[in-house]
Number of protein chains: 2
Amino acid sequence: METGTPCTLCPLRRRRGFKPLDEPALAALQALKRGEMTVPAGGAILSEGETSCRLYTVLSGWAIRYKSLPDGRRQIMNILLPGDLVGLQGELMAAPAHGVEAVTEVRLCAFARSSLWDIFRGHPELGYDLTWLAAHEERLLDEALLSVGRRSAIERIAMVLVHLYRRAAAVGLERDGTVPFPLTQTHLADLMGLSPVHVNRTLQALRKRQLIRLHDGRLAIGDLSALRRVAEYWEQPAAQRPLL
Amino acid sequence: METGTPCTLCPLRRRRGFKPLDEPALAALQALKRGEMTVPAGGAILSEGETSCRLYTVLSGWAIRYKSLPDGRRQIMNILLPGDLVGLQGELMAAPAHGVEAVTEVRLCAFARSSLWDIFRGHPELGYDLTWLAAHEERLLDEALLSVGRRSAIERIAMVLVHLYRRAAAVGLERDGTVPFPLTQTHLADLMGLSPVHVNRTLQALRKRQLIRLHDGRLAIGDLSALRRVAEYWEQPAAQRPLL
DNA sequence: CGTTGATTTGAGTAAGATCAAGTCGGGTGG
DNA sequence: CCACCCGACTTGATCTTACTCAAATCAACG
């Protein structure tokens, strides 16, 4: 665990799309920061059932939040991108019922979980932001549940690709019409409640229709509106989000 | 909209399972309360896409929170029971992307949404509780997503029955080994991502195995541990929850 | 090279959807 | 009282989507 960049210089915070924070709040946040941490690709950030005394913000890299059944079936609940909070989800102070695993190498900004309470007391606006983030995460889950419960395989895949493209672009990962895409087809399967084989065939169908391109770890969308139409997906304009 | 019971006398608040609130916090809450409201069975509490300036707590009755696709397919995100908050989910101040509908007659306690900010500023402990509730809801969604994504039909139905039984019992709805169960099989289908016909056959299978009984609107569980085993479901002990 | 993980392809199958009736019970109006 | 209607629940038959199993390909890497 190293000290890392001070919050005032955090490169993420500069990005459009993140709500600017005023000087005192930033200072308070800095005071709570416990350092930075790097987890290698494939490494565990949180283990299912194990309590962590830390709370993290993803600074860079991709991670997955998942739950699994005793027999090994696994469901990915969400993909974590830079700016996302790790560890808020599981019942504020209790053991999380989910694991978090790095997909690529992940850089994290760590806070002491016990300082949560200080945030609420000392900086109500940060407490509000925290709740905003929780409500936002819930909205992502709603969308995922709708997909898995009611969309067909091709709709689900189209949906998740549009959605991840937008999220990645929103945190500045877009480069000439592509975003990095480190997920394997097995990840997509576990994310959308499908088998890996079926994901493969579905991706082929989308490629054949020229809707997407997927080359050396990057994703490009051929025809956004057509892809959205396939997914029956109309996203709401993204509000500026807080960053802790 | 009537004035209703003062928060200090709220019958829900007496129940074991709800965290007691101290005098000043209770008074603050009372000050924000805008009255009570009754919605008939089948009535809309929130419409998809429509902004509401209110925030509600369910006092009695059952409701569903759902999203739907343009072609009419519907996914229920959660069942709302007494003590649950309505309207926190959708991006704190923005239009909710979901609807909420009464299943039975529902009695609601209303707050002005604009007072959310006052809560955080004036009563950090209430702000914390709010976040706790959001994190808790997220946990419910996690469980639902795992079910719909990775559990078989019989596992899903077993799971949801165990889960709803516990939740209903936790808010005092249990009477000699049964809880009220106002959901139709179509509700269960929309909740678990199945067709109504298949829900019917699956319920029959559970009944044949003596695991559940479902009579005149009440649910009884024949063999809890067996039902849990079917569902591959091990729930964590319920912590005391806050009530707003 | 041999190994390892990801992707691809093919063949057979099963879980659950869809379609179509039909039943049951509780109102409602004549 | 009875005919009717409506919604929820049942049942049977058929069909489709997506799963499973198995094996081949491919690229990266030591």
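Convention: sequence-line order gives letters A, B, ...; per-chain numbering from 1. As the structure is a computational prediction, the values presented were derived from the model and not from experiment.
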Where [X] and [Y] come nearest, the two heavy atoms and their spacing:
| X | Y | answer |
| --- | --- | --- |
| A220(A) | T178(A) | CB-CG2, 3.9 Å |
| L194(B) | R156(B) | CD2-NH1, 3.7 Å |
| R34(A) | F111(A) | CG-C, 4.1 Å |

*Would you kindly compare T186(B) and R201(B) by the position of their nearest DNA chain D nucleotide and give the one closer to the 5′ end?*
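Of the two residues, T186(B) wins.
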For [X] and [N], give me the distance from atom [atom1] to atom [atom2], rounded to whole Å.
| X | N | atom1 | atom2 | value |
| --- | --- | --- | --- | --- |
| I154(A) | dA18(D) | CD1 | P | 9 Å |
| D190(B) | dA17(C) | CG | C1' | 14 Å |
| L188(A) | dT8(C) | CG | P | 12 Å |
| D216(A) | dA27(D) | CG | P | 12 Å |
| R150(A) | dG16(C) | CZ | P | 13 Å |
| M192(A) | dA18(D) | CE | P | 12 Å |
| L194(A) | dT17(D) | CG | P | 14 Å |
| H198(A) | dC19(D) | NE2 | C1' | 9 Å |

*asked:* At less than 3.5 Å, do the side-chain atoms of R156(B) and the base atoms of dG16(C) form a donor-acceptor pair?
replied: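 When only heavy-atom distances are counted, R156(B) does not reach the base of dG16(C) through any donor-acceptor pair under 3.5 Å.
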Hey, does the side chain of [X] come within less than 4.0 Å of [N]'s phosphate (OP1/OP2), counting only N and O?
| X | N | result |
| --- | --- | --- |
| Q185(B) | dG7(D) | no |
| R207(A) | dT8(C) | yes |
| Q204(A) | dT7(C) | no |
| N200(A) | dT8(C) | yes |

_Can you confirm whether the side chains of E155(B) and S147(B) place a donor and an acceptor under 3.5 Å from each other?_
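Per modelled atom types, E155(B) and S147(B) side chains form no pair under 3.5 Å.
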Indicate, with a heavy-atom threshold strictly under 4.0 Å, whether [X] touches base, sugar-phosphate, or nothing.
| X | value |
| --- | --- |
| T202(A) | nothing |
| G193(B) | sugar-phosphate |
| S195(A) | base |

*List the steps and the verdict of salt bridge (charged side-chain N to carboxylate O under 4.0 Å, His left out) for R74(B) and D190(B).*
CA-CA 6 Å; R74(B) 179 173 81 159; D190(B) 285 345; 2.9 Å; yes
